Amino acid sequence: MSRDVLITGGGTGIGRAIARHFAEQGERVIVTGRRPGPLKELADETGVRALVCDHAEPAALTELLAELPDRLDVLVNNAGGNTDFDADGESDLASYARDFRANLDANLVTAALTTRCVDDRLASGGAVVHIGSIAADQGAGAYGASKAGLATWNLDLAARFGPRGITANVVSPGYIADTEFFRDQLANETRERLIASTATGRPGSPEDIAGAVAFLASPAARHITGQVLNVNGGAHTTR
Ligand code: NDP
């Protein structure tokens with residue numbers, strides 16, 4: 001039986017690969033994002049349903065809710081990114097506060113608001129998967145802090161959702177190529193350093209992340225909850 005899957009920020013990069021993966025499995029997929037262009041392109045290519053929404057805005061989420069099915073099986077909180085790439089470089093305290101909050105909004109508040117918004121519609125047997133980051137373990141300023149916060153907030157979510165038969169986990173990518181994450185600001189030396197830090201000797205692909213998300217949302221992963229699944233080619237290892 002087909003499942004209903006909501007993927008936030010699904011118009012590009014990792015979210016797009018996750019959307020393709022679920023669509024190819026025959027699931028009913030809804031993708032969201034702020035820009036209509038990438039969403040329409042993906043919808044035309046794959047038949048997924050695309051809805052414009054800024055997940056940091058409660059009013060936009062309320063409008064989105066009116067368009068969603070009564071029951072959701074899988075929520076993927078993928079929307080986000082390092083908003084420092086868009087910062088104007090101002091260094092006064094007010095600018096620092098604005099830029100710090102932008103990262104919290106983009107990565108932590110989006111996931112919290114979206115999950116809260118669809119909470120009542122998440123079905124038993126369902127799964128919530130957040131896209132975290134290796135930055136949660138390695139730094140990267142407010143961006144890393146926002147992703148670390150996401151993983152910590154997920155612990156409470158997993159405890160709350162467990163009795164309803166819903167899992168909640170984080171997939172934490174290392175460097176993933178072929179997305180809009182770095183804008184055009186990734187220097188060759190940095191790229192080479194990121195690849196050299198892996199044991200696999202290659203960047204991750206959006207499909208690497210899609211596979212991990214699909215596993216956590218699958219029947220095989222029903223006893224896995226409150227976890228962080230690192231997908232980084234060994235760039236950050238755990239015991
Ligand atoms: P992209 O920039 O390609 O994808 C991010 C997507 O999120 C875009 O489609 C963007 O669309 C959407 N988005 C951002 N903010 C919002 C918002 N407020 N509301 C709705 N949609 C939003 O980069 P990636 O695919 O790489 O990033 C996906 C996730 O993976 C992010 O959470 C990122 O932090 C994480 N990640 C990426 C890594 C990498 O190396 N690429 C490494 C570790 C983690 P739009 O602008 O149209 O809204």
Side-chain angles (χ1 to χ4, degrees), residues 6-21 30-43 48 50-61 63-64 75-86 101-115 117 129-151 154 170-186 190-191 193-195 197-198 202-210 212-213 228-233 235-236:
L6 173 62
I7 301 155
T8 72
T12 64
I14 291 170
R16 190 182 181 93
I18 298 169
R20 278 185 183 283
H21 189 106
I30 299 172
V31 293
T32 61
R34 292 166 301 186
R35 291 166 296 162
L39 294 173
K40 182 173 183 324
E41 197 182 298
L42 180 66
V48 304
L51 298 168
V52 171
C53 179
D54 183 341
H55 286 261
E57 294 297 334
L61 279 162
E63 279 179 30
L64 175 71
L75 166 64
V76 183
N77 284 315
N78 164 79
N82 188 340
T83 52
D84 287 344
F85 288 122
D86 303 320
R101 288 188 176 122
N103 258 313
L104 297 182
D105 266 354
N107 296 289
L108 178 55
V109 176
T110 50
L113 292 183
T114 305
T115 309
C117 185
V129 183
H130 319 288
I131 305 301
S133 173
I134 193 171
D137 298 296
Q138 295 189 337
Y143 173 66
S146 71
K147 293 296 196 182
L150 182 62
N154 181 62
V170 177
V171 169
S172 180
Y175 166 48
I176 306 295
D178 302 325
T179 83
E180 296 182 359
F181 180 87
F182 290 97
R183 314 294 187 266
D184 291 324
Q185 299 179 37
L186 183 63
T190 310
R191 182 174 188 278
R193 181 176 50 74
L194 290 170
I195 293 170
S197 71
T198 66
R202 68 166 177 87
S205 69
E207 290 72 24
D208 287 324
I209 306 306
V213 171
V228 176
L229 176 53
N230 294 295
V231 184
N232 57 41
H236 170 71

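Whatever order the structure lists ligands and atoms in, that order sets their numbers, starting from 1. All of these numbers come straight from a predicted model, not from anything done at the bench. In what follows, every heavy atom counts, from backbone to side chain, and hydrogens, waters and symmetry copies are set aside.
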Heavy-atom contact under 4.0 Å between [X] and ligand 1?
{"X": "P38", "answer": "no"}
{"X": "P203", "answer": "no"}
{"X": "A106", "answer": "no"}

Under 4.0 Å, heavy atoms only, figure out whether ligand 1 is touched by the backbone of [X], its side chain, both or neither.
{"X": "T32", "answer": "neither"}
{"X": "S172", "answer": "neither"}
{"X": "K147", "answer": "side chain"}

Check whether any N or O atom of [X], backbone or side chain, sits under 3.5 Å from an N or O atom of ligand 1, and answer yes or no.
{"X": "R34", "result": "yes"}
{"X": "H55", "result": "yes"}
{"X": "R35", "result": "yes"}

**Q.** SB check E41 R16 (cutoff 4.0 Å)
**A.**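 A salt bridge is present here (some side-chain N lies under 4.0 Å from a carboxylate O).
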Q: Indicate whether the side chain of N154 and that of H130 have a donor and an acceptor atom separated by less than 3.5 Å.
A: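 Their side chains do contain a donor-acceptor pair, which is all the 3.5 Å distance test asks for.
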**Q.** Distance-only side-chain donor-acceptor flag, T83 / D86, under 3.5 Å
**A.**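 There is no such pair between these side chains.
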(Q) Do L64 and T114 have side chains that approach each other closer than 4.5 Å (heavy atoms only, starting at C-beta)? (A)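 They are not in contact (no side-chain heavy atoms under 4.5 Å apart), so the answer is no.
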Q | Under 4.0 Å to a heavy atom of Y143 - the qualifying atoms of ligand 1, by number | A |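 Atoms satisfying the 4.0 Å criterion: 33 (C), 34 (O), 35 (C), 36 (N), 43 (C), 44 (C).
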Q.
I'd like to know whether the aromatic ring centres of Y143 and F85 sit less than 6.0 Å apart in this structure.
A.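 No; F85 has its ring centre 6.0 Å or more from that of Y143.
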